[in-house]
There are 2 protein chains.
Amino acid sequence: MRWNELSEENCSMARTISVIGDRWTLLILRDCFLRVRRFEDFQERLGITRPILANRLKKLVDEFVLVKVPYQQRPRRYEYRLTQKGLALYPIVMAIVHWGDVYMAGKKGRPLVHTHDLCGKAFDPMMVCSECGEQLSPKQVHVRPGPSAKDPRHLPLETDLPGPRRLAKEKAAS
Amino acid sequence: MRWNELSEENCSMARTISVIGDRWTLLILRDCFLRVRRFEDFQERLGITRPILANRLKKLVDEFVLVKVPYQQRPRRYEYRLTQKGLALYPIVMAIVHWGDVYMAGKKGRPLVHTHDLCGKAFDPMMVCSECGEQLSPKQVHVRPGPSAKDPRHLPLETDLPGPRRLAKEKAAS
DNA sequence: CTCTATGGTTTGAATACTGAACCTGCTTGG
DNA sequence: CCAAGCAGGTTCAGTATTCAAACCATAGAG
């Protein structure tokens with residue numbers, strides 16, 4: 001499967017991955033949330049090569065995750081800013097950072113601590129159910145086909161049904 | 001920056017990306033949460049080539065995200081299962097799926113709907129503060145160096161301070 | 001008229017991925 | 001006994017991506 005095919009899969013995860021599912025893009029987004037906005041700054045901070053940076057920024061702009069905003073005329077220069085669609089990636093970024101804090105930090109502890117303005121405390125991000133507010137765990141979530149469901153292979157997060165192969169085997173066995 | 005250097009950065013996001021920050025790995029993880037466990041099944045469902053699949057599974061096992069469990073002797077065959085560390089990737093997976101549901105779904109709506117066992121309702125995942133339970137937004141989160149902080153370039157998610165370059169400019173201007 | 005700043009593009013060499021075929025260990029059927 | 005099949009890989013040649021370094025374009029400053 002190639003990148004362009006990925007974006008056409010009827011799976012939200014595959015489609016998201018077609019936009020942000022590459023090493024450099026994720027690092028660029030980290031810096032965007034850090035208020036980095038200019039080509040030269042991304043380049044220096046990330047140690048990314050210039051052609052790749054140009055390519056990834058263009059893709060993100062094409063996908064409406066970033067916008068190019070001119071910040072001066074003559075010579076015309078642009079900076080890259082997160083759109084609403086881009087800002088909505090925040091939970092993904094926070095989830096990635098948090099997993100790294102918990103599972104990839106060295107003995108000395110995490111590189112940084114987050115504090116929440118509303119309560120003033122150091123916190124961890126937590127994923128909860130929008131309806132009841134309880135913390136989500138993979139075993140307590142089931143999935144059913146949505147309005148555009150088609151290919152049953154791509155129903156992710158099914159937790160109680162055996163996978164397709166095991167089903168077939170069990171059928172054969174009985 | 002190469003993959004191996006990535007994992008040595010003192011940034012939780014970079015370290016996480018060194019483990020899961022590639023297209024195929026993310027798709028493999030999607031299928032893991034779907035209870036897919038065998039080489040042949042991954043290969044067929046994902047349309048990934050066999051050498052790459054073998055390579056990615058090995059990496060995930062080396063990182064303790066998956067374990068190889070024998071499910072039969074003679075011939076010895078293994079399946080791949082999520083470890084605790086792997087299961088903890090659930091919020092990342094859910095955040096990615098949800099963003100795709102909201103921003104990448106076609107006109108016909110999302111491919112699937114999640115229901116939560118505890119409350120029985122269809123829900124969306126929501127990221128909240130572990131301390132006060134309020135929904136997190138990038139503007140309300142600040143960051144300070146943690147126990148192992150070193151390189152100020154990699155403090156992500158700083159929202160009120162201008163980036164390093166703008167700081168330098170303003171200093172020069174004043 | 002040259003130097004610097006910013007935001008790129010071009011170019012070969014190195015690296016990674018793809019597709020197809022092949023290998024291993026074992027079971028099953030004839 | 002031999003052939004075929006299954007599961008889980010590995011090998012190999014060709015193609016696509018990425019890297020590093022250099023170059024280009026626009027414009028202001030000295």
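Computed from heavy atoms alone, side chains included, the values below leave out hydrogens, waters and symmetry copies. A quick note: this is a predicted structure, and the numbers were derived from the prediction, not measured. So you know, we letter chains A, B, ... as the sequences are listed, proteins then strands, and number each from 1.
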| query | Whole Å only: how far is the CD atom of B:E79 from the P atom of D:dA7? | reply | 13 Å
| remark: Regarding the side chain of B:I52, the nearest nucleotide among C:dG8, C:dC17, C:dC26 is C:dC17
| message | I'd like to know whether B:R37 forms a salt bridge (charged side-chain N to carboxylate O under 4.0 Å, His left out) with B:D41, so could you lay out the CA-CA distance, the side-chain angles of the two residues, the decisive distance to 0.1 Å, and finally the verdict. | response | CA-CA 7 Å; B:R37 302 205 239 258; B:D41 295 336; over 6 Å; no
| Short N-O contact, A:R110 and A:D124, less than 4.0 angstrom | yes
| query | Any donor-acceptor pair under 3.5 Å between the side chain of B:R50 and the base of D:dG9? | reply | yes
| message | Taking B:I96's backbone N and O only, do any of them form a donor-acceptor pair with A:T16's side chain (distance below 3.5 Å, no angle check)? | response | yes
| remark: A:D41 atom CG is separated from C:dG7 atom C1', nearest whole Å, by 12 Å
| request: Indicate whether OP1 or OP2 belonging to D:dG8 is found under 4.0 Å from a side-chain N or O atom of B:Y71. | output: yes
| field | Heavy-atom donor-acceptor pair, A:R74 side-chain to D:dA27 base, under 3.5 Å | value | no
| request: Among D:dT10, C:dC26, C:dG7, find the nucleotide with the atom closest to the side chain of B:A54. | output: D:dT10
| task | Tell me what A:W24 touches on the nucleic acid: a base, only sugar-phosphate, or nothing, going by heavy atoms under 4.0 Å. | result | sugar-phosphate
| said: Taking 4.0 Å as the cut-off, does a side-chain nitrogen or oxygen of A:R56 come that near to OP1 or OP2 on D:dT18? | reply: yes
| query | Between C:dT27, D:dG9, D:dA22, which one does the side chain of B:Y80 approach most closely? | reply | D:dG9
| B:E44 side chain vs B:G47 backbone, donor-acceptor pair below 3.5 Å | no
| query | Closer to the 5' end of DNA chain D via nearest nucleotide, is it A:R77 or A:I48? | reply | A:I48
| message | Taking the minimum atom-to-atom distance to the side chain of B:P51, which one of D:dA20, D:dT10, C:dT27 wins? | response | D:dT10
| note | Contacts of B:R23 and B:R76 projected onto DNA chain C by closest heavy atom; the upstream (5') one is B:R23
| Nearest listed nucleotide, side chain of A:E40, among D:dG8, C:dT6, C:dC26 | C:dT6
| task | Would you classify B:K68 as touching base, sugar-phosphate or nothing, given that sugar-phosphate means primed atoms plus P, OP1 and OP2, and contacts are heavy atoms under 4.0 Å? | result | sugar-phosphate
| Within the distance-only criterion (no hydrogens, no angle test), does the side chain of A:T115 pair as donor or acceptor with the backbone N or O of A:K121 below 3.5 angstrom? | no
